[in-house]
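Values in this document were obtained by computation on a predicted structure and should not be read as measured data.
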Amino acid sequence: MVGALRHNAPILSVASFRAWLTSRPDEEHWELIEGVPMIMTPPNRRHQRIAYNLESLLNVALRAHDPNLAVYHEIGLNIVSTVPYDPEPDIAVIREDENADPRYADRFYLVAEVLSESDKDIIDGKRDIYRAHPSCICILLVRQDRAEIVVEQRTADGWTSRVLGASDHVALPEFGLACPVKDVYRDTPLG
């Protein structure tokens, strides 16, 4: 069904999409994916709790490690891509002094997506677009159906990927974060 929708829908540029967004109520949450505006349903409570936990853990870590970095949820990212794409990841780490626009960031260093069932058809494309952004050095794909986090990090040799389970620890020294995976799932049935 989604493929059929995309096939018949007009392809919007990011600029056209953002202009159109000004006509929508603030409480609606839209993303432009492959040139097609897609309304995002409100996330479930588990999704929200996991995102909140990760945001809180990163905030505490960054205050001690590098207070020039800031964590935001659902911030818009300016992406240069051959496919019109206007993402709002669940979590993004930016530097305030590099991003004057209050809604969108040109540079980001970490993005995290708490994966929902609806993400399964688009997450690979999102990940590839995040990887192509020159300042992005870390991508976290956080499952909400089980305690599992895919950590992708940029190295001098390219991207590495590792899967962390419930008994593992998340270690992101670039962001000062070191904690058990279970801390990301605190106050959920997976924690």
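- A distance of 12.0 Å separates CG of L62 from OH of Y109, quoted to the nearest 0.5 Å.
- The backbone N or O of G165 sits less than 3.5 Å from a side-chain atom of D168, completing a donor-acceptor pair.
- The two residues A166 and K182 make their nearest non-hydrogen contact at O-CG, 3.3 Å.
- D183 and C179 make their closest contact through OD2-CB, 3.7 Å (heavy atoms, listed as atom of the first residue, atom of the second, distance).
- Residue Y52 qualifies as open at atom OH: its count of foreign heavy atoms under 6.0 Å is 12 or below.
- Pairing each heavy atom of L141 with each of R127, the nearest pair is CD1-CD, 4.3 Å.
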Practice item. Would you please test V142 and I91 for side-chain contact (heavy atoms from CB on, under 4.5 Å) and show each step? Key: CA-CA 11 Å; V142 184; I91 303 289; over 6 Å; no
Review point. Could you go step by step and tell me if K126 and I139 meet the side-chain contact (heavy atoms from CB on, under 4.5 Å) rule?
Key: CA-CA 10 Å; K126 277 184 162 184; I139 302 167; over 6 Å; no
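- Interatomic distance, CG of L58 versus CG of L140, reported as 7.5 Å (0.5 Å rounding).
- Using modelled atom types, one side-chain atom of N99 and one backbone atom of R107 make a donor-acceptor pair closer than 3.5 Å.
- Using modelled atom types, one side-chain atom of Y185 and one backbone atom of E148 make a donor-acceptor pair closer than 3.5 Å.
- Classification of the F108-Y130 ring pair by plane angle, with boundaries at 30° and 60°, yields perpendicular.
- Between the side chain of Q144 and the backbone N or O of L115 there is at least one donor-acceptor pair closer than 3.5 Å.
- None of V184, N44, I149 except one satisfies the side chain to side chain contact (heavy atoms under 4.5 Å, CB included) rule with I50; the exception is V184.
- Remark: the backbone N or O of E113 is not paired with any side-chain donor or acceptor of D90 at under 3.5 angstrom.
- Looking at every heavy atom in both residues, F175 comes nearest to A61 through O-CB, 3.5 Å.
- Here the side chain of H133 pairs a donor or acceptor atom with the backbone of D106 at under 3.5 angstrom.
- The minimum heavy-atom distance linking I75 with A105 is given by the pair CD1-CB, 4.2 Å.
- Taking a 6.0 Å sphere around CZ of R162, one finds it holds more than 12 heavy atoms contributed by other residues, nucleotides or ligands.
- Heavy-atom minimum distance, C138 versus Q153: SG-CG, 4.1 Å.
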